[in-house]
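Okay, structure first, notes after.
Positions are given from 1 along the sequence.
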Amino acid sequence: AEISLRPGPFGILEPRTGNPVPPEEVDLFLVPGVGVDPRGHRLGYGRGYFDRLLSPPGVKGFRVGLSFSEQVVHHIPTTERDVSMNWIVSDKGSFPCD
């Protein structure tokens, strides 16, 4: 079956129709980042989209931060609103977060 796509908020193509899965029912989240650190903190594009998606109490899915190895840094500053990743995956390996 062919899926009709449209640009979403960041210009990424997404389905025009369908029934979104509630975040509380998702088991695995793949989360991109501009930068990540070994503690699982990530730097995104500053709009807080993933932090808002992942922060409600019922959202329990495993969080994997995706990055290139050059984006893994020693420390990312955080606030109380930031949601940490459980695991980091890069082009040169993966590791659990502290």
Quiz item: Are a donor atom and an acceptor atom from the side chains of S84 and H41 found within less than 3.5 Å of each other?
Solution: yes

Quiz item: CG/L30 to CZ/F62 distance, rounded to the nearest 0.5 angstrom?
Solution: 10.5 Å

Self-check item: Any S94 side-chain heavy atom under 4.5 Å of I88 side chain
Solution: no

Quiz item: Any side-chain heavy atom of F68 within less than 4.5 Å of one from S90?
Solution: no

Step through the shown structure and confirm whether more than 12 heavy atoms of other residues, nucleotides or ligands are within 6.0 Å of [atom1] on [X].
{"X": "D91", "atom1": "CG", "answer": "yes"}
{"X": "Y45", "atom1": "OH", "answer": "no"}
{"X": "R47", "atom1": "CZ", "answer": "no"}

Practice problem: Spell out, yes or no, whether M85 and F29 are grouped together once hydrophobic residues are joined by side-chain heavy atoms under 4.5 Å, including indirect joins. | Solution: yes

Quiz prompt | L28-V89 co-clustered via ILVMFWY side chain contacts under 4.5 Å | solution = yes

Quiz item: Testing V34, L43, V36, D82 for side-chain contact (heavy atoms from CB on, under 4.5 Å) with I76, which one passes?
Solution: L43

Practice problem: Go through the steps for R63 and F50 under the test side chain to side chain contact (heavy atoms under 4.5 Å, CB included), then give the verdict. | Solution: CA-CA 10 Å; R63 301 173 306 276; F50 286 103; over 6 Å; no

Quiz item: Going through the checks in order, is the side chain to side chain contact (heavy atoms under 4.5 Å, CB included) test met by V21 and V26?
Solution: CA-CA 7 Å; V21 175; V26 175; 4.0 Å; yes

Self-check item: Lys/Arg N to Asp/Glu carboxylate O, K60 vs E24, below 4.0 Å
Solution: no

